[in-house]
Amino acid sequence: MNPLLGAEQALIGSVLLDPGQLSHLDWLAPDHFYLPAHQALFAALRKLRDDAHPALSHEPVPLSWVSDAVDEASTHVRGLTATYAHTLIAVCPRPAHAPVYGRMVLEGAIHRSITEHAIRLHQAARADALQGNVEGALHYADVLAGVLSDLAQRWGTEPRPTTSATPPANVPAVPPPVRADPVAEDERFLLAVLAEEPKAMDGVVGWLRPGDFADPTHGQLYRCLGALHHRGEPIDRVTLLWEAQRRGLLADGTLAGDQFTAICDSVGPGSAEWLGELVMRSSVTRTAAKSAHIIRALAENEALAPGRLISHALHALDPLDEVRARWQAANGRPATTLTAPTPSPAGPPPARVHAALARTTPRPSTPSPARPPSAPSLAAMRPLSRGHG
């Protein structure tokens, strides 16, 4: 059996057996359930509770609690029957464990939510790469950062990136950029302009980095240009080739002679700052796609606990945060970050902390006066093999 499905069934069954368990599940929402039937049933049980259903003050719990819940839920989902509701009752091991079952349901919802938003970020990044934009990717990155912050508080933790994140073992290789050829052409043209017009380095060196180049060889050549500029040495194709040789780019095959010649010969009239912005734009969308790719792989790792998942996901957004700040600097805009907002000093609400720290707490039972039941009870319908003994 799927563990998440078992947790959802056990939780609904526990509330069907003991309506009082709803008072311990206020932090759980219907959309945290995976199956639509479970979403509808949990919403229906809450509505019956809010409408002061007689079962709340009746012992033992009457069958009308189940039938009314099924009738209410059936108005929102098809195919739901009383038989399935009684199946949920039968598979519930202990009604008093409802808060722990709810914690499991919330954990599954956190993984699903992060996966869905990571997919949206990846799609937006690839669409922006095709259209030459960055706005969509940055918007969905903001949305994802906000979702991670909200989920952290729902889980009862603070939204803090992990300080020592190691890539998960199940992360597949990042797919290649969508616009590889046009991006490489922009990069070659920029390098040619910088080699021909050394003063142009002043306009890009403050915000363009070697890692912004999609082609690693182009990034290494830009690093050579930056080193010459930093040392105040002359820049031309001869000094650039010499610096590349000193750094071993020719010896290890990173840079071929004909490749270097083709780059330097492609020079023409152009603005280094404008070309640098094109390279930065590609870097933003490429970094966004990579962050989304990593976060999705993290969220699909069911062995990763929600607290660690959120911390690793926030850490995976850090590179995009850094690239975004430099992109805004290149465009003369005030820098903003993707970092999730800092929680209030008071900390997460107690009900949300309870979701993470839920444990079975025995409640004192008060003897009730003996009275004959006015309707068949759920306890009588439950198989003895799944009793509390």
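What you see is a predicted model; the values in this text were computed from it and never measured.
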- Query: So, R188 and E185, do they make that salt bridge, N to O below 4.0 Å?
  - Reply: no
- salt bridge (Lys or Arg N to Asp or Glu O under 4.0 Å) partners of residues 41-55, not counting sequence neighbours, each pair once: D26-R49, K47-D51
- Query: Stepwise, does the salt bridge (Lys or Arg N to Asp or Glu O under 4.0 Å) test hold for R326 with D212?
  - Reply: CA-CA 10 Å; R326 291 188 289 105; D212 294 324; 2.5 Å; yes
- Is there a chain of hydrophobic side chains (I, L, V, M, F, W, Y, each step under 4.5 Å between heavy atoms) that links I119 to L138? no
- Do the side chains of W242 and L249 join up, straight or via other hydrophobic residues, at under 4.5 Å, putting them in one cluster? no
- Message: Between H229 and D202, do the side chains contain a donor N or O and an acceptor N or O under 3.5 Å apart?
- Response: yes
- Least distance between heavy atoms, A7 atom then Y101 atom: O-CB, 3.9 Å
Check: residues 216-227 side-chain donor-acceptor pairs under 3.5 Å, at least two apart:
residue: T217; atom: OG1; partner: T254; partner atom: O; Å: 3.1
residue: H218; atom: ND1; partner: E187; partner atom: OE1; Å: 2.8
residue: Y222; atom: OH; partner: L208; partner atom: O; Å: 3.1

- Query: Nearest heavy-atom pair of P319 and T287: which atoms, and what distance?
  - Reply: C-CG2, 3.8 Å
- Task: Enter the distance from L250:CG to L255:CG here, rounded to the nearest 0.5 Å.
- Result: 5.5 Å
- Reported CD-to-CG distance for the pair Q21 and L45, which is rounded to 0.5 angstrom: 12.0 Å
- Message: Pairing donors with acceptors under 3.5 angstrom, does anything connect the side chains of D236 and T239?
- Response: yes
- Roughly how far, to the nearest 0.5 Å, is the CG atom of N133 from the OG1 atom of T285? 9.5 Å
- Check the angle between the aromatic planes of F33 and H38 and answer parallel, tilted or perpendicular using the 30° and 60° thresholds. perpendicular
- Can you tell me how far CD1 of I114 sits from CG of L304, rounded to the nearest 0.5 angstrom? 9.0 Å
- Do NZ/NE/NH1/NH2 and the carboxylate oxygens of K199 and E197 come within less than 4.0 Å? no
- In terms of side-chain geometry, is the basic nitrogen of R237 or D265 positioned less than 4.0 Å from the acidic oxygen of its partner? yes
- Message: Check this for me: does any side-chain nitrogen of one of R112 and E116 sit under 4.0 Å from a carboxylate oxygen of the other?
- Response: no
- Message: Taking the basic N atoms (NZ, or NE/NH1/NH2) and the acidic carboxylate oxygens, is any pair closer than 4.0 Å for E107 and R103?
- Response: no
- Identify whether the distance between the nearest side-chain nitrogen and carboxylate oxygen of R324 and D142 falls below 4.0 Å. yes
- Query: Charged N to carboxylate O under 4.0 angstrom, E243 versus R247?
  - Reply: yes
- Task: State the CZ-NE2 distance between R120 and H139, to the nearest 0.5 angstrom.
- Result: 10.0 Å
- Item | Qualifying salt bridge (Lys or Arg N to Asp or Glu O under 4.0 Å) pairs with a residue from residues 69-79, counting only residues at least two apart or across chains | none
- Is the number of heavy atoms from other residues, nucleotides or ligands under 6.0 Å of F260 CZ greater than 12? yes
- Shortest non-hydrogen contact from L25 toward A98: CD2-O, 3.7 Å
- Query: Do V193 and V238 share a hydrophobic cluster, counting only Ile, Leu, Val, Met, Phe, Trp and Tyr and linking them when any side-chain heavy atoms are less than 4.5 Å apart?
  - Reply: no
